[in-house]
Number of protein chains: 2
Amino acid sequence: MALKYSKQRAIIMDFLKDRKDHPTADVVYTNVRKILPNISLGTVYRNLMLLTELGEIKKIQVGDGVDHFDSTTGEHDHFVCTECGGVFDLPVREAFDAARYAGPDFDGEITGYTLNLRGVCAGCLAKEHTA
Amino acid sequence: MALKYSKQRAIIMDFLKDRKDHPTADVVYTNVRKILPNISLGTVYRNLMLLTELGEIKKIQVGDGVDHFDSTTGEHDHFVCTECGGVFDLPVREAFDAARYAGPDFDGEITGYTLNLRGVCAGCLAKEHTA
DNA sequence: ACTAAAATAGTAATAGTTACTGAAATATTT
DNA sequence: AAATATTTCAGTAACTATTACTATTTTAGT
């Protein structure tokens, strides 16, 4: 039950803290392996899950069938590039009013929302223009 | 290249048209099998994909790791119940202004968005109260 | 150090989905 | 309506992302 220190978890957390993009478990794995060459993929998954439960990171799902992980835990939304698959943070805006959006007739209890914008990122747009 | 009629595809489409929830491929499979007992799961997937490409249905991903399929093709958003896993249509509201939400500093091209509200549906709330 | 609990590496299993193959259904041409 | 071409099929195998299992190693409290 009690949480014990683990070098693997510390390095995973450290890696995520420095990334502005939203790496997948596999990306975390291949990168952390540069420091801990025989860390196992299962360990990466287990710790990503644990860190998510602890609230130190967030698991985000953008509909590409792969989980992404984000060390920015505050409420914010994402932009997904349909060209390169990149996931980018959107600047935090005025809080989105989910209850108001659902409308007065909605009779469930709303606890949260997921909002992903979709399109082509600035980088891919630049590439298109030069091509 | 040319599309040919298939009984399997017709029945899949027919099944989806009558559903207000958003069945998964597996749900489509088990139900269509009542009519065509030896349809194969691969056929279901292939036709769901094809119908999606044709724009006759929509594939929706709500972050539960499974694809759902929706015969309501107009722009609308969804509510996902965290208790029962159900996916429900939200009434169509004033169009969500994605570009405005992204803010003036955003320098990509926005082509769409996905908005899922999350919470407990009316049915599950009722169950909780009686328990 | 000693011991109990937790975490690990490595591997196996699972779920959802996609790909492959020879046979059957559909459409087109004669 | 028979022959031919093309699509779709059922059935199965393969694949990807993730989770579970197990014997061994690490960690931390006594």
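Computation of the quantities below employed the complete heavy-atom set of this structure, encompassing side-chain atoms and omitting hydrogens, waters and symmetry-equivalent molecules.
Closest approach of A:A102 to B:P91, counting heavy atoms only: O-CG, 3.7 Å.
Annotation: ring pair (Phe, Tyr, Trp, His ring centres under 6.0 Å) contacts involving residues 46-76 of chain B, sequence neighbours excluded, comprise B:H76-B:H78.
No donor-acceptor distance shorter than 3.5 angstrom exists from the side chain of A:T73 to the backbone of A:I57, with no hydrogens or angles considered. Checking side-chain atoms of A:R9 against main-chain N and O of A:K4 turns up a donor-acceptor pair under 3.5 Å.
Grouped with A:V87 in one hydrophobic cluster are A:I60, A:V62, A:V80, the linkage being side-chain heavy-atom contacts under 4.5 Å among Ile, Leu, Val, Met, Phe, Trp and Tyr residues. Hydrophobic clustering, defined by side-chain heavy atoms of Ile, Leu, Val, Met, Phe, Trp and Tyr closer than 4.5 Å, groups B:F79 together with A:F79, A:F88, A:L90, A:F96, A:Y101, A:F106, A:I110, A:Y113, A:L115, A:L117, B:F88, B:L90, B:F96, B:Y101, B:F106, B:I110, B:Y113, B:L115, B:L117.
Contacts with DNA chain D (heavy atom under 4.0 Å) in residues 50-68 of chain B: none are found. Listed in residue order, the members of residues 23-41 of chain A having a heavy atom less than 4.0 Å from DNA chain D are A:L41.
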Sequence neighbours left out, cut at 3.5 Å: what donor-acceptor pairs do the side chains of residues 124-131 of chain A make with other protein atoms?
residue	atom	partner	partner atom	Å
A:T130	OG1	A:A126	O	3.4
A:T130	OG1	A:K127	O	2.9

Could you list the donor-acceptor pairs under 3.5 angstrom formed by side chains in residues 23-35 of chain A, with sequence neighbours left out?
residue	atom	partner	partner atom	Å
A:T24	OG1	A:V27	N	3.3
A:Y29	OH	A:R33	NH1	3.3
A:T30	OG1	A:D26	O	3.2
A:T30	OG1	A:V27	O	3.1
A:N31	OD1	A:K34	NZ	3.2
A:N31	ND2	A:V27	O	2.8

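Under the side-chain contact (heavy atoms from CB on, under 4.5 Å) criterion, B:D105 pairs with no residue, sequence neighbours left out. Checked against side chain to side chain donor-acceptor pair (under 3.5 Å), B:Q61 has the following partners two or more places apart in sequence or in another chain: B:D67. With sequence neighbours excluded, the residues forming a side chain to side chain donor-acceptor pair (under 3.5 Å) with B:T114 are A:R118, listed by chain and number.
Using a 4.0 Å cut-off, no side-chain N or O of A:Y45 falls inside it from OP1 or OP2 of D:dT19. Listed pair B:R46 / C:dT18 fails the phosphate criterion, with no side-chain N or O lying under 4.0 Å from OP1 or OP2.
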Are any protein N/O atoms closer than 3.5 Å to N/O atoms in nucleotides 24-30 of chain D? If there are, list each pair with its distance.
residue	atom	partner	partner atom	Å
D:dT27	O2	A:K4	NZ	2.8
D:dA28	OP1	A:Y5	N	3.3

Which atoms of nucleotides 13-15 of chain D (N or O only) lie under 3.5 Å from a protein N or O atom, and what are those distances?
none

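Grouping the Ile, Leu, Val, Met, Phe, Trp and Tyr side chains by contacts below 4.5 angstrom, directly or via other members, places B:L41 apart from B:V66.
Straight-line distance from the CG atom of B:L48 to the C1' atom of C:dA19: 17 Å, rounded to whole Å.
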